[in-house]
Protein chains: 2
Amino acid sequence: MVSITIKDVAKKAGVSISTVSRVINGSKPVSSEVRQKVLKVIEETGYRPNPVARSLVMKKSQLIGVVVPDISNFFIGEILSGIEEIGKMYGYDILLCNTYGQLEQELRYLNLLKAKQVEGIVFMTWKLQDKLVDYLEKIDVPIVLINRNTSKLLIPSVSIDNFQAAFEMTNYLIKNGHRRIALIRSSQDQNAFGFDQYKGYKKALEEHGLELDEKLVRYGNFKLEDSYQIVKDFIKENVLPTAIFATSDEMAIGAINCLLDNGYKVPDDVSVVGFNDIKLASIYKPNLTTIHQPIYDIGAVAIRMIVKKINGEEVDSKIVTLPHELIIRESSKKI
Amino acid sequence: MVSITIKDVAKKAGVSISTVSRVINGSKPVSSEVRQKVLKVIEETGYRPNPVARSLVMKKSQLIGVVVPDISNFFIGEILSGIEEIGKMYGYDILLCNTYGQLEQELRYLNLLKAKQVEGIVFMTWKLQDKLVDYLEKIDVPIVLINRNTSKLLIPSVSIDNFQAAFEMTNYLIKNGHRRIALIRSSQDQNAFGFDQYKGYKKALEEHGLELDEKLVRYGNFKLEDSYQIVKDFIKENVLPTAIFATSDEMAIGAINCLLDNGYKVPDDVSVVGFNDIKLASIYKPNLTTIHQPIYDIGAVAIRMIVKKINGEEVDSKIVTLPHELIIRESSKKI
DNA sequence: TTGTAGGCGTTATCAT
DNA sequence: ATGATAACGCCTACAA
């Protein structure tokens with residue numbers, strides 16, 4: 001099964017390969033007579049230009065790299081559909097990279113993507129380490145970060161206002177009578193995803209004259225198991241708060257499960273709220289009070305920005321902040 | 001930012017490009033003296049071979065295409081991690097294609113993947129239409145289907161024994177006193193995913209002398225909303241069965257939600273069971289009775305088969321059937 | 001409007 | 001052991 005090339009088409013149509021190239025790309029005028037002939041041959045032979053060869057000469061690939069820390073994460077899955085769909089719309093294909101949030105993998109993939117001549121990169125991670133930032137800022141490919149407010153960075157990003165959202169959520173909890181509010185977020189690192197949320201939480205506490213009890217701030221890695229264990233610890237240490245603010249819905253669910261398993265009622269004994277509003281949030285029982293993010297749109301906007309950059313169009317702003325909304329459901333209540 | 005090529009390295013090292021190529025690929029012996037020199041230059045310059053150029057001449061791409069009907073589906077997300085991880089282990093990257101189960105998209109992507117010189121394809125769909133099968137069988141790239149027992153097809157596949165699993169589940173329900181057991185599966189089509197499950201369901205009914213009531217067999221497209229609506233219909237038509245067998249956990253959850261919303265208790269009023277045992281199945285309240293599949297492994301095995309084929313190794317069997325297990329949890333009970 | 005020829009970065013086949 | 005050089009399939013000045 002030898003695939004047929006532009007040369008074959010040229011020969012069969014009795015023209016030069018440049019002419020064939022021209023009718024394919026419409027790069028230069030071709031007499032409609034010749035064009036018809038060539039088109040006919042292409043049709044007959046089923047010729048398809050070889051994208052690899054094309055990439056080599058054009059240094060373009062119609063490929064966009066997407067690197068994420070966990071494909072099977074619900075939140076990320078939803079973002080991916082936005083990316084894929086809009087990308088497709090513009091003729092770009094997705095090279096998927098799963099890093100498990102490991103710096104080493106992230107660096108490796110970034111290199112690989114560049115080598116593969118991807119035209120843009122959508123990047124997402126839990127922890128934005130300095131070394132990574134250096135690398136990202138230097139890379140000469142359009143890149144956009146997801147879910148980061150990188151005001152201090154040079155890299156464009158699309159995200160909601162995590163600070164404000166966490167602030168609102170904490171406020172809501174406080175206004176509903178909660179005083180001891182735990183925060184489950186990811187790593188302590190300043191660069192870790194969720195630092196803004198931590199600041200929002202802190203600010204709300206401060207505004208109400210509540211003291212921040214660092215014992216109530218715990219760290220999980222966006223996994224159910226992690227928050228499950230954290231709540232277990234709370235119980236064991238006998239310091240269970242009246243409200244738990246988990247910075248991802250998955251972690252909220254893990255927390256609720258632990259509570260339920262230990263005979264506590266949600267929200268009667270403890271209110272638990274999440275973040276993201278993944279599909280599951282409104283399905284799980286009890287439905288999650290959470291911060292709604294336009295998840296699909298985040299992916300869609302990110303890739304749209306990349307496409308614009310690729311086409312040399314001016315991108316309105318480096319940092320796109322999408323709207324969020326506090327959604328109150330069953331998992332929290334006034335005390 | 002001009003990237004440096006093999007030519008630059010050759011010049012700097014004072015050798016020919018062939019020599020450089022040799023030390024990179026170890027394709028032919030090179031005096032260790034020269035090798036050191038070249039290696040040093042590569043190190044200094046940070047030279048990385050251009051995979052696109054390499055692809056062009058080798059007609060290989062280190063790329064494996066993965067086409068799925070819905071990235072944000074939980075089950076598929078988990079399969080993807082298996083594929084990605086094992087693929088990476090063998091140096092392959094993933095070109096992700098999301099088809100929404102549309103034939104048109106599937107065909108389009110298959111073409112595109114071939115054009116991109118992918119070395120193999122992992123294919124998954126809800127409905128394996130004839131036109132698609134024709135195409136898949138003709139394609140000259142290693143391909144493996146996921147979650148299909150394609151005994152009658154020429155294409156290799158990896159899957160559990162869906163017939164047997166559905167048989168066991170139905171049996172379990174019957175043995176627990178259920179007589180009116182609804183089945184929610186995907187499209188009626190013979191080629192649709194889930195036909196085997198339908199047969200297993202039927203067989204179990206027959207073996208117990210139970211009549212198959214076609215009114216109890218409904219069709220949803222693996223979406224929560226679909227099964228939600230189906231249960232709503234059951235209620236409206238006043239034909240609610242004592243047990244509902246949904247052929248995906250997501251659909252089971254949709255069914256339970258509808259039941260709950262309408263004042264029914266699960267499993268007290270109605271037992272609901274699922275299929276797949278996605279992570280969520282053991283987290284959702286009530287925990288789902290379901291068929292456990294080794295989801296990650298399915299992806300892993302599939303890509304492993306492809307890599308073997310690429311390397312010309314003999315693949316043991318065309319059809320790999322992985323073990324499943326009936327997991328009994330809280331969503332079903334004896335009546 | 002059309003054709004010729006050089007080059008994109010590699011690998012592989014010949015010589016040497 | 002090493003070096004020219006011809007592919008790989010395509011695009012694009014430059015000529016005609």
Side-chain angles (χ1 to χ4, degrees), chain A residues 1-39 41-42 45-63 91 111-119 140, chain B residues 1-39 41-42 45-63 91 111-112 114-119:
Chain A
M1 159 94 193
V2 177
S3 57
I4 97 139
T5 77
I6 196 173
K7 214 185 258 176
D8 304 321
V9 176
K11 192 178 295 176
K12 231 177 190 153
V15 299
S16 75
I17 62 172
S18 18
T19 303
V20 178
S21 174
R22 278 163 196 144
V23 349
I24 294 170
N25 305 305
S27 43
K28 289 214 170 176
V30 173
S31 74
S32 83
E33 189 185 358
V34 175
R35 153 172 291 113
Q36 294 312 322
K37 196 166 42 177
V38 173
L39 250 22
V41 175
I42 290 182
T45 56
Y47 165 71
R48 313 279 274 147
N50 178 335
V52 177
R54 186 178 265 170
S55 283
L56 183 58
V57 33
M58 311 268 283
K59 288 161 179 302
K60 295 202 162 204
S61 59
Q62 292 295 100
L63 241 34
N111 274 319
L112 184 131
L113 290 175
K114 264 201 56 181
K116 292 262 186 207
Q117 318 270 15
V118 298
E119 298 187 45
D140 63 335
Chain B
M1 158 93 194
V2 177
S3 55
I4 95 140
T5 77
I6 196 174
K7 215 184 256 175
D8 304 321
V9 176
K11 193 178 295 175
K12 235 182 187 144
V15 298
S16 75
I17 61 172
S18 342
T19 303
V20 178
S21 176
R22 280 167 196 139
V23 348
I24 293 170
N25 303 304
S27 43
K28 289 212 172 180
V30 173
S31 73
S32 83
E33 189 187 358
V34 175
R35 154 172 290 111
Q36 295 312 323
K37 194 165 46 176
V38 172
L39 250 22
V41 174
I42 290 181
T45 55
Y47 164 71
R48 311 281 273 148
N50 179 336
V52 177
R54 189 177 263 171
S55 283
L56 183 58
V57 35
M58 311 265 286
K59 288 165 180 301
K60 295 204 163 206
S61 59
Q62 294 293 99
L63 241 36
N111 274 318
L112 184 129
K114 264 201 55 178
K116 292 264 187 203
Q117 319 268 19
V118 297
E119 298 186 44

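Reckoned from all heavy atoms, side chains included, excluding hydrogens, waters and symmetry mates. First the proteins, then the strands, lettered A, B, ... as listed; each starts at 1.
Residue-environment remark: NZ (Lys37(B)) exceeds the threshold of 12 foreign heavy atoms within 6.0 Å.
Each of Met58(B) and Arg35(A) was assigned the nucleotide of DNA chain C with the nearest heavy atom; the assignment lying further toward the 5' end belongs to Arg35(A). Closest-nucleotide positions on DNA chain D for Val30(B) and Gln117(B) were compared, and the one nearer the 5' end corresponds to Val30(B).
An OP1 or OP2 oxygen of dG9(C) is reached within less than 4.0 angstrom by a side-chain nitrogen or oxygen of Lys59(A). For the OP1/OP2 pair of dT1(C) and a distance below 4.0 Å, the side-chain nitrogens and oxygens of Thr19(A) include no atom meeting the criterion. Side-chain N/O atoms of Thr5(A) include none lying less than 4.0 angstrom from OP1 or OP2 on dG9(D). Checking the phosphate oxygens (OP1, OP2) of dC11(D), a side-chain nitrogen or oxygen of Asn25(A) falls inside 4.0 Å.
Rounded to a whole Å, the NZ atom of Lys37(B) is 8 Å from the P atom of dG3(D). In this entry the distance linking CG of Leu56(B) with P of dA6(D) reads 17 Å, nearest Å. Residue Ile6(A) contributes atom CD1, which lies 11 Å from atom P of dG9(D) at whole-angstrom precision. As rounded to whole Å, 13 Å separates atom P of dC11(D) from atom NZ of Lys60(A). Here the P atom of nucleotide dG9(D) and the NZ atom of Lys116(B) are 17 Å apart, to the nearest Å. When the P atom of dA12(C) is taken as reference, atom CD1 of Ile24(B) falls 12 Å away, rounded to whole Å. When rounded to the nearest whole Å, the span between NZ of Lys7(B) and C1' of dG3(D) equals 15 Å. Whole-Å rounding puts the Asn50(A) CG to dT10(C) C1' distance at 14 Å.
Judged purely by atom type and a 3.5 angstrom limit, Arg35(A) uses its side chain to pair as donor or acceptor with the backbone of Val30(A). Without hydrogens or angle criteria, Gln117(A) side chain to Lys60(A) main chain gives no donor-acceptor distance under 3.5 Å. Within the 3.5 Å criterion, the main-chain N or O of Ile17(A) finds no donor-acceptor partner in the side chain of Ser21(A).
With no hydrogens or angles considered, a side-chain donor-acceptor pair links Thr19(B) and Ser16(B) at under 3.5 Å.
Ser18(A) contributes a side-chain N or O that forms a donor-acceptor pair with the base of dT4(C) under 3.5 Å. Between the side chain of Arg22(B) and the base of dG3(D), at least one donor-acceptor pair of N or O atoms lies under 3.5 Å.
Note on Pro51(B): nothing from the nucleic acid sits closer than 4.0 angstrom, heavy atoms only. Residue Ile17(A) is in base contact, counting any heavy-atom pair closer than 4.0 Å across all strands shown. Among the atoms of the strands shown, only primed sugar atoms or phosphate atoms (P, OP1, OP2) are found under 4.0 Å from some heavy atom of Val15(A).
Taking the side chain of Ser16(A) as heavy atoms from C-beta on, and the options dT11(C), dG9(C), dG3(C), the nearest nucleotide is dG3(C). Among the nucleotides dG9(D), dT2(C), dT11(C), the one closest to any side-chain atom of Ala53(A) is dG9(D).
Two residues are said to be in side-chain contact when any heavy atoms from C-beta on lie closer than 4.5 Å; Asp140(A) and Lys114(A) meet this criterion.
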